[in-house]
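Atoms considered below: every heavy atom in the structure, side chains included; atoms not considered: hydrogens, waters and symmetry mates.
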Amino acid sequence: MRKFSIQESSELTEVRCNCCGRKMKVEHGIVKDGCIKIEIPFGFFSQKDGQVHRFDLCESCYDNYTAAFCIPVETEETTEYL
């Protein structure tokens with residue numbers, strides 16, 4: 001769950017994990033914790049056709065969630081960080 005300031009800049013002020021509720025560190029509009037932002041637009045042939053779902057997970061909840069996958073998450077190393 002993300003909260004933004006009401007100022008003209010709409011700076012990110014708070015991020016909470018939708019799973020455990022943990023408040024993540026945000027400085028100057030930048031998340032300084034391990035966090036995954038998920039946005040899923042559902043399309044045709046879905047029970048949620050036309051809906052967009054958004055949520056955030058902390059790194060710990062992401063690890064717990066993906067640990068239950070039957071097929072492991074693909075990973076690769078990167079040398080550049082955005």
Side-chain angles (χ1 to χ4, degrees):
M1 177 185 79
R2 292 177 178 242
K3 290 186 181 179
F4 294 86
S5 67
I6 303 176
Q7 303 167 355
E8 294 176 22
S9 65
S10 289
E11 183 176 284
L12 182 64
T13 58
E14 184 178 317
V15 178
R16 287 190 178 268
C17 177
N18 284 75
C19 186
C20 71
R22 184 172 79 82
K23 187 175 179 179
M24 290 173 248
K25 186 176 181 179
V26 176
E27 290 180 359
H28 307 292
I30 299 170
V31 181
K32 300 280 188 154
D33 269 325
C35 174
I36 181 170
K37 176 184 176 185
I38 299 172
E39 181 173 300
I40 308 162
F42 288 93
F44 295 118
F45 312 111
S46 165
Q47 297 298 315
K48 297 168 188 65
D49 188 15
Q51 296 179 17
V52 178
H53 291 204
R54 293 177 189 89
F55 60 94
D56 295 280
L57 294 176
C58 68
E59 190 171 0
S60 178
C61 288
Y62 169 81
D63 289 343
N64 291 337
Y65 182 70
T66 58
F69 287 3
C70 293
I71 301 170
V73 173
E74 288 184 32
T75 61
E76 66 180 62
E77 295 294 322
T78 185
T79 56
E80 292 185 27
Y81 298 96
L82 299 176

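- When side chains are defined from C-beta on, C20 does not count as touching S60, because their heavy atoms never get closer than 4.5 Å.
- With sequence neighbours left out, the ring-ring contact (aromatic ring centres under 6.0 Å, His included) criterion links H28 to no other residue.
- E59 is linked by a side-chain hydrogen bond (donor to acceptor under 3.5 Å, both in side chains) to nothing, counting only residues two or more places apart in sequence or in another chain.
- Considering OG1 of T66 and CD1 of I71, their distance stands at 13.5 Å, rounded to 0.5 Å.
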task: Go through the steps for V52 and E39 under the test side chain to side chain contact (heavy atoms under 4.5 Å, CB included), then give the verdict.
output: CA-CA 7 Å; V52 178; E39 181 173 300; 3.8 Å; yes
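- Judged as a salt bridge (Lys or Arg N to Asp or Glu O under 4.0 Å), and not counting sequence neighbours, E74 has no contacts.
- The structure places NZ of K23 at 5.5 Å from CZ of R16, a figure rounded to the nearest 0.5 Å.
- Not counting sequence neighbours, the partners of D33 by the salt bridge (Lys or Arg N to Asp or Glu O under 4.0 Å) test are R22.
- For C19, the side-chain contact (heavy atoms from CB on, under 4.5 Å) partners are C17, L57, C61, not counting sequence neighbours.
- Here the closest non-hydrogen pair linking C35 and M24 is CB-SD, 3.4 Å.
- Of all the heavy atoms in V26 and L12, the pair that sits closest is CG1-O, 3.5 Å.
- Taking the side-chain contact (heavy atoms from CB on, under 4.5 Å) definition, one finds that F42 meets it with I40, S46, K48, H53, sequence neighbours left out.
- Here the OH atom belonging to Y62 is positioned 8.5 Å from the CD1 atom belonging to I38, to the nearest 0.5 angstrom.
- How far CZ of F55 is from NZ of K37: 12.0 Å, rounded to the nearest 0.5 Å.
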